[in-house]
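Hydrogens, waters and symmetry mates play no part in the numbers below; they use all other heavy atoms, side chains included. By convention in this document, chain letters (A, B, ...) are assigned in the order of the sequence lines, proteins followed by strands, and residues within each chain are numbered from 1.
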2 protein chains.
Amino acid sequence: MTEPAGNNDQAGGMRQRILETASSLFYEHGVRAIGVDLVVERAGIAKTSLYRHFRTKDELVAAFLEREDAAFWQAWDDVAARHRDDPEAELLAHMGWIAERVARPGYRGCPQINVAAEFPESGHPARQVEYEHKREMRRRIQALGERMQMADPAGFSASLSVFINGAFVSSRVLDPGEAKPVLADTAAALLSAYR
Amino acid sequence: MTEPAGNNDQAGGMRQRILETASSLFYEHGVRAIGVDLVVERAGIAKTSLYRHFRTKDELVAAFLEREDAAFWQAWDDVAARHRDDPEAELLAHMGWIAERVARPGYRGCPQINVAAEFPESGHPARQVEYEHKREMRRRIQALGERMQMADPAGFSASLSVFINGAFVSSRVLDPGEAKPVLADTAAALLSAYR
DNA sequence: AATAAAACAAACTGGTCTGTATGGTGTCAA
DNA sequence: TTGACACCATACAGACCAGTTTGTTTTATT
């Protein structure tokens, strides 16, 4: 089986290097604040190389969100794997690592929400990624509610996923040690209300 | 008493006209997407006039958030005035108008949160406005919790204001009729949990 | 060794951005 | 009437933007 492109190993590494550099710059400073020239310089590559792997900057932004999406669900799955048989414990564990994450020093909010704020046009390629990411959150929490045999798992999921989105954007107004108890207490309150 | 500036009446109207035009453009398309030239054109004024009333674009952005802040608390106070003697009814009424607002067709999220996403540098003049706005939300909800003689009004306020911020950024992932029951039910759940 | 893909550097296109400078017009007050 | 000031229109400075073009060098496969 001959490879379609000349050098797959290096080519994949190149794409990933560009994406990693762009991702950290985009996340830290915002997408519109970072020009492709800076990405090129910081990645130590030629501009032509960037545009071979990504048709436009908008596609690079969408790839950034896809990367963040994958990393987020990876973290989620890692925690879920430690609570295979107890959906309530799993849910509380999720609140724990999310609280820990939003309280971290360099935390700058949810990349999906930030990009959505920067690009109001719903036709932007990154907006589709953001939409699916948020939908997936609702689906996963609803599945947990179903496994807990709640009467209204959809309502529970809507409420809790809205709250989690709130945690992502409220980190600056929450005092450092506050995130953890607030997330835990609210989850407990919603659990008992929707039980 | 001589007026410090030549023509106060017109000058105030001019500033407000610029600010109104800029506000709707900023809110609809994002701040970084709107150049001062476009604001000038749409306001039907000269660029020199804009820069006489606002030192820089950043100050115009801060004024935009101050305007939105004032309008938001005006709406809040209007509702509060109709429930002077019943803090629980007032709180549920707030959930009502907020739900109605985020479900409106042209709703693009909370301007404070959107600007915060566009300008990560915490030194930006608009970020101070955003910070105070979010703090004020916590203060007001805590005051309601205190009037309800809750044991932990600060915890209640933290939880509910995080949730409200979540509602602001989740409007796109909520189905049209969903916002109202989700906000009402969650508020009820938190009320009974923190009672 | 030959071929092809992919990387490099650097200039360039055509446009946008914030902010300033210039000069002219209308209005109000001393 | 004279001066101060707000306003207008236009042009400009200097930087940055996304994306293309050109031509050379590296790298990998055949």
With a 3.5 Å cut-off and sequence neighbours excluded, list the donor-acceptor pairs that the side chains of residues 186-195 of chain A form with protein atoms.
{"unit_1": "Thr186(A)", "atom_1": "OG1", "unit_2": "Val182(A)", "atom_2": "O", "d": "2.7"}
{"unit_1": "Thr186(A)", "atom_1": "OG1", "unit_2": "Ser159(B)", "atom_2": "OG", "d": "2.6"}
{"unit_1": "Ser192(A)", "atom_1": "OG", "unit_2": "Ala189(A)", "atom_2": "O", "d": "3.2"}
{"unit_1": "Arg195(A)", "atom_1": "NH1", "unit_2": "Glu88(A)", "atom_2": "OE1", "d": "3.2"}
{"unit_1": "Arg195(A)", "atom_1": "NH2", "unit_2": "Glu88(A)", "atom_2": "OE1", "d": "3.1"}

For this session: Under the side chain to side chain contact (heavy atoms under 4.5 Å, CB included) rule, collect the residues that match up with Ala179(A), sequence neighbours excluded.
Result: Ala99(A), Val102(A), Ala103(A), Leu174(A)
Exercise. Ile45(A) has an atom CD1; how far is it from atom P of dC8(C), in whole Å?
Worked result: 6 Å
Exercise. Phosphate oxygens OP1/OP2 of dA6(C): is one of them under 4.0 Å from a side-chain N or O of His53(A)?
Worked result: no
Enumerate, atom names and distances included, each donor-acceptor pair closer than 3.5 Å involving a side-chain atom of residues 29-37 of chain A, sequence neighbours excluded.
{"unit_1": "Arg32(A)", "atom_1": "NH1", "unit_2": "Glu118(A)", "atom_2": "O", "d": "2.7"}
{"unit_1": "Asp37(A)", "atom_1": "OD1", "unit_2": "Lys47(A)", "atom_2": "NZ", "d": "2.8"}

Problem set entry | Which residues share a salt bridge (Lys or Arg N to Asp or Glu O under 4.0 Å) with Glu41(B), sequence neighbours left out | none
Exercise. How long is the line joining CD of Glu41(B) and P of dA11(D), in whole Å?
Worked result: 15 Å
For this session: Round to the nearest Å and state the distance from Met14(A) atom CE to dT27(D) atom P.
Result: 11 Å
Problem set entry | Short side-chain N/O contact to dC8(C) OP1/OP2 from Ser49(A), under 4.0 Å | yes
Problem set entry | Atom-pair distance (CZ on Arg52(A); C1' on dT20(D)), nearest Å | 13 Å
Exercise. Rounding to a whole Å, what distance do you find between Ile18(A):CD1 and dA7(C):P?
Worked result: 7 Å
For this session: With sequence neighbours excluded, give me every salt bridge (Lys or Arg N to Asp or Glu O under 4.0 Å) pair touching residues 143-159 of chain A.
Result: Glu90(A)-Arg147(A)
For this session: Could you tell me the separation between the CZ atom of Phe54(A) and the P atom of dT20(D), rounded to a whole number of Å?
Result: 15 Å
For this session: Only one of Gln128(B), Arg135(B), His133(B) passes side-chain hydrogen bond (donor to acceptor under 3.5 Å, both in side chains) with Tyr131(B); say which it is.
Result: Arg135(B)
For nucleotides 12-19 of chain D, list the nitrogen or oxygen atoms of the protein found under 3.5 Å from its nitrogen or oxygen atoms, one pair per line.
{"unit_1": "dA18(D)", "atom_1": "OP1", "unit_2": "Lys57(A)", "atom_2": "NZ", "d": "2.8"}
{"unit_1": "dA18(D)", "atom_1": "OP2", "unit_2": "Val36(A)", "atom_2": "N", "d": "2.7"}
{"unit_1": "dG19(D)", "atom_1": "OP2", "unit_2": "Tyr51(A)", "atom_2": "OH", "d": "3.1"}
{"unit_1": "dG19(D)", "atom_1": "OP2", "unit_2": "Lys57(A)", "atom_2": "N", "d": "2.7"}
{"unit_1": "dG19(D)", "atom_1": "N7", "unit_2": "Lys47(A)", "atom_2": "NZ", "d": "2.7"}
{"unit_1": "dG19(D)", "atom_1": "O6", "unit_2": "Lys47(A)", "atom_2": "NZ", "d": "2.5"}

